[in-house]
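The basis for the numbers below is simple: all heavy atoms, side chains too, and nothing from hydrogens, waters or symmetry mates. None of the values given here were measured: they were computed from a predicted structure.
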Amino acid sequence: MDQKLDRRSLILMAASLGLVPGFLPGLLHAQEAPSGASVADIPAPEAPAPVFGPQPAAEISEAAELYLRRPVIVFADNPHDPNFIRQLEILPELYPQLAARDVVLITDTDPANPSEIRRKLRPRGFSLVMMDKDWKSPVRRPSPRAAREIINTIDKMPIARTEALERNPAGR
């Protein structure tokens, strides 16, 4: 018996298998609506969007982030360093692209109380350090970098290239 499935049936099947996240709970919530209310009247449950932004180095542990996220670290000897301020002005336009690349943005401006990351990398003055998910092979830059250069550097890292090939195998 050959049956053609319409688009709605395919979406419902995918949702029931968990392939369309968040679709089925909204659908079930809509089916519980009172008979007088329409589906449009019921507000859909909203998940809070994760906030992306710089995190202090003291709050980040290499062991907790290893193979999960790529660190992009901005070091300075104090928070009033002009290079540090300029780099932090450039980075907000990159937040969506950095989040898509599993980046954790770390800032460290306190050499008097060195964090685990500062002790490992031993920066002098301002430094922009980018590493892959294995937290090895740091790419160091002694001055602020443009948005495009930061993204291109991240995309050239070995694990990032492997992930890109897994997403698009035709690129081999």
Linked, directly or transitively: [X] and [Y] (ILVMFWY side chains, under 4.5 Å):
{"X": "L88", "Y": "Y95", "answer": "yes"}
{"X": "M131", "Y": "Y67", "answer": "yes"}
{"X": "V104", "Y": "I151", "answer": "no"}
{"X": "M130", "Y": "W135", "answer": "no"}

Verify, without hydrogens or angle tests, whether [X] (side chain) and [Y] (backbone) share a donor-acceptor contact under 3.5 angstrom.
{"X": "T153", "Y": "E149", "result": "yes"}
{"X": "Q87", "Y": "R145", "result": "yes"}
{"X": "R69", "Y": "L105", "result": "no"}
{"X": "D155", "Y": "M157", "result": "no"}

Requested in this report: Report the residue from N83, I73, V72 that forms a side chain to side chain contact (heavy atoms under 4.5 Å, CB included) with L128.
Outcome: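 In the set N83, I73, V72, the residue that makes a side chain to side chain contact (heavy atoms under 4.5 Å, CB included) with L128 is V72.
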Within a strict 4.5 Å, meaning less than it, do heavy atoms of the [X] and [Y] side chains meet?
{"X": "L91", "Y": "V74", "answer": "yes"}
{"X": "D132", "Y": "K136", "answer": "no"}
{"X": "T109", "Y": "H80", "answer": "no"}

Query raised in the report: Nearest heavy-atom pair of A147 and L94: which atoms, and what distance?
Result: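 The answer is CB-CD2, 3.3 Å.
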**Report entry** Shortest non-hydrogen separation from P144 to F126 and the atoms involved
**Finding:**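 Looks like N-CE2, 3.5 Å.
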Query - Salt bridge present between E65 and R70 (N-O < 4.0 angstrom) - result: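 Salt bridge flag = no for R70 with E65.
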Requested in this report: Run the salt-bridge test on R101 and E163 with the 4.0 Å N-O cut-off and return the result as yes or no.
Outcome: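 Salt bridge: no.
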Query raised in the report: Just checking, any donor-acceptor pair under 3.5 angstrom between side chains of D81 and N78?
Result: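 Distance-only check fails for D81 and N78.
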Query raised in the report: Are a donor atom and an acceptor atom from the side chains of S115 and D108 found within less than 3.5 Å of each other?
Result: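 There is such a pair (donor and acceptor under 3.5 Å, judged by atom type) between the side chains of S115 and D108.
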Query - Within 6.0 angstrom of R161 CZ, more than 12 heavy atoms from elsewhere - result: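 Incorrect, the count does not exceed 12.
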**Report entry** Verdict with reasoning, I117 to F75, per side-chain contact (heavy atoms from CB on, under 4.5 Å)
**Finding:** CA-CA 10 Å; I117 298 169; F75 288 107; 3.8 Å; yes
Report task. Have a look at E62 and tell me which of K120, R118, R119 forms a salt bridge (Lys or Arg N to Asp or Glu O under 4.0 Å) with it. Result ->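 One option only clears the test, and that one is K120.
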Query - Distance in Å, E116 CD paired with S61 OG, rounded so as to fall on 0.5 Å steps - result: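 Those atoms lie 5.0 Å apart.
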